[in-house]
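Worksheet for the structure shown next.
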Amino acid sequence: MLYVVEMDFVEPSRQAEWDAWYLEHLHVLLSVPGFHTAQRFVCLSPWRAPWLAIYTVDSPEVFESAPYRARGGRDSTGEWKPLMRNWDRNVFDGLERAPAVGVDQALLLADAEPALVHALDVGFCWLEAVGLDRTVTRRGLAVVDAALGSRLALARMDAVRAYRPLMPQLDFSTPDPRHSGAHT
């Protein structure tokens, strides 16, 4: 299952500081049993929530666990919470594991299946919302080469958004030494 977090960060002067905090936050979440991978992205065109994080999780029940409640959720963001807007958290079924998107690739998201999406001739995997906010009921996800992602971003289609990875995918099988004891 995929846990998808989208948001806008409204304090550009603190972007580097927020990015550093967010990287640490990814490692904290990966220390929660039931979290397996994490990767951050930014939308290549203007969007109401340009920052994206995708995690692989076991199930929606992970978000009801004591370890998650102690380390995750909206209240775990401290001073950053008021600076994060248009913040949606959805859990999707349809993929067992989030794809690792490389630097030479782009991630595409589509929230509907209009003719335009079909005309792209891209193999979207369609996911169903099964937990948390459920702000969208169905979402398409595809990994394409970076050039196609850039062309789609220039077209500024609301039906399909292209994202570039900000980092390689983190995987709990190579835990961060700052969080010893993760998944023991």
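Each residue takes its place number in the sequence, starting with 1.
The closest side-chain heavy-atom distance from Asp145 to Asp104 is not below 4.5 Å. For the pair Val4 and Phe92, the minimum side-chain heavy-atom distance is below 4.5 Å. Side-chain contact check for Leu23 versus Met167: some heavy-atom pair is nearer than 4.5 Å. When side chains are defined from C-beta on, Leu108 does not count as touching Arg161, because their heavy atoms never get closer than 4.5 Å.
The salt bridge (charged side-chain N to carboxylate O under 4.0 Å, His left out) check on Glu79 picks up Arg14, with sequence neighbours excluded. With sequence neighbours left out, Asp93 forms a side chain to side chain donor-acceptor pair (under 3.5 Å) with no residue at all.
Note: Phe63 and Phe35 meet the aromatic proximity criterion, with ring centroids under 6.0 Å apart. In this structure, Tyr22 has its ring center at least 6.0 angstrom away from the ring center of Phe9.
A donor-acceptor distance shorter than 3.5 angstrom exists from the side chain of Asn86 to the backbone of Arg48, with no hydrogens or angles considered. No donor-acceptor pair under 3.5 Å is formed between the side chain of Glu24 and the backbone N or O of Trp21. In terms of modelled atom types and a separation under 3.5 Å, the side chain of Tyr68 and the main chain of Gly73 share a donor-acceptor contact. A donor-acceptor pair is defined here as one N or O able to donate and one able to accept, closer than 3.5 Å; no such pair exists between the side chain of Glu128 and the backbone of Gly94. One N or O on the side chain of Gln169 and one on the backbone of Ala98 form a donor-acceptor pair closer than 3.5 Å.
In this structure, Val42 is a member of the same hydrophobic cluster as Val10, with clusters built from ILVMFWY side-chain heavy atoms closer than 4.5 Å.
The distance from the CZ atom of Arg89 to the CE atom of Met7 is 9.5 Å, given to the nearest 0.5 Å. A distance of 5.0 Å separates OH of Tyr55 from CG of Leu29, quoted to the nearest 0.5 Å. One distance of note links OG of Ser150 with CG of Leu152; it measures 9.0 Å at 0.5 Å rounding. In this structure, His25 NE2 and Leu30 CG are separated by 10.0 Å, a value rounded to the nearest 0.5 Å. The distance from atom CG of Leu148 to atom CD of Gln105, rounded to the nearest 0.5 Å, is 11.5 Å. Taking CG from Leu44 and CZ from Arg151, the interatomic distance works out to 12.5 Å, rounded to the nearest 0.5 Å.
In this structure, Arg97 pairs ionically with Asp171, as a charged nitrogen and a carboxylate oxygen lie closer than 4.0 Å. In this structure, Asp111 does not pair ionically with Arg138, as no charged nitrogen and carboxylate oxygen lie closer than 4.0 Å.
Between the side chains of Arg71 and Ser31, at least one donor N or O lies within less than 3.5 Å of an accepting N or O.
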Notebook entry, point to check: Does the side-chain contact (heavy atoms from CB on, under 4.5 Å) test come out yes or no for Leu2 and Arg139, once each step is laid out?
Noted result: CA-CA 11 Å; Leu2 303 187; Arg139 171 165 286 162; over 6 Å; no
Margin query: Would Val62 and Tyr3 count as a side-chain contact (heavy atoms from CB on, under 4.5 Å) here? Give the steps.
Written below: CA-CA 10 Å; Val62 168; Tyr3 170 43; over 6 Å; no
Next item on the list: Kindly indicate, with the supporting measurements, whether the criterion side-chain contact (heavy atoms from CB on, under 4.5 Å) is fulfilled by Leu52 and Leu109.
Entry: CA-CA 11 Å; Leu52 178 74; Leu109 293 182; 3.8 Å; yes
Next item on the list: Decide side-chain contact (heavy atoms from CB on, under 4.5 Å) for Leu127 and Cys125; before the verdict, give the C-alpha distance in whole Å, the side-chain angles of both, and the deciding distance to 0.1 Å.
Entry: CA-CA 6 Å; Leu127 312 170; Cys125 175; 3.9 Å; yes
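Of all heavy-atom pairs spanning Gly123 and Ala142, the tightest one is O-CB, 4.0 Å. Here the closest non-hydrogen pair linking Pro33 and Pro67 is CD-CB, 3.9 Å. Contact record, Met1 with Pro60: SD-CD, 3.4 Å, taken as the closest heavy-atom pair. Between Asn90 and Asp133, the shortest heavy-atom contact is OD1-C, 3.6 Å. Pairing each heavy atom of Asp58 with each of His36, the nearest pair is OD1-NE2, 2.5 Å. Closest non-hydrogen pair, Gln39 versus Pro99, comes out as OE1-O, 3.7 Å.
Each of Val122, Leu107, Val101 was compared with Val144 under the side-chain contact (heavy atoms from CB on, under 4.5 Å) criterion, and only Val122 meets it. Partner Trp51 forms a ring-ring contact (aromatic ring centres under 6.0 Å, His included) with one of Trp87, Trp18, Tyr163, Phe41 and no other, that one being Trp18.
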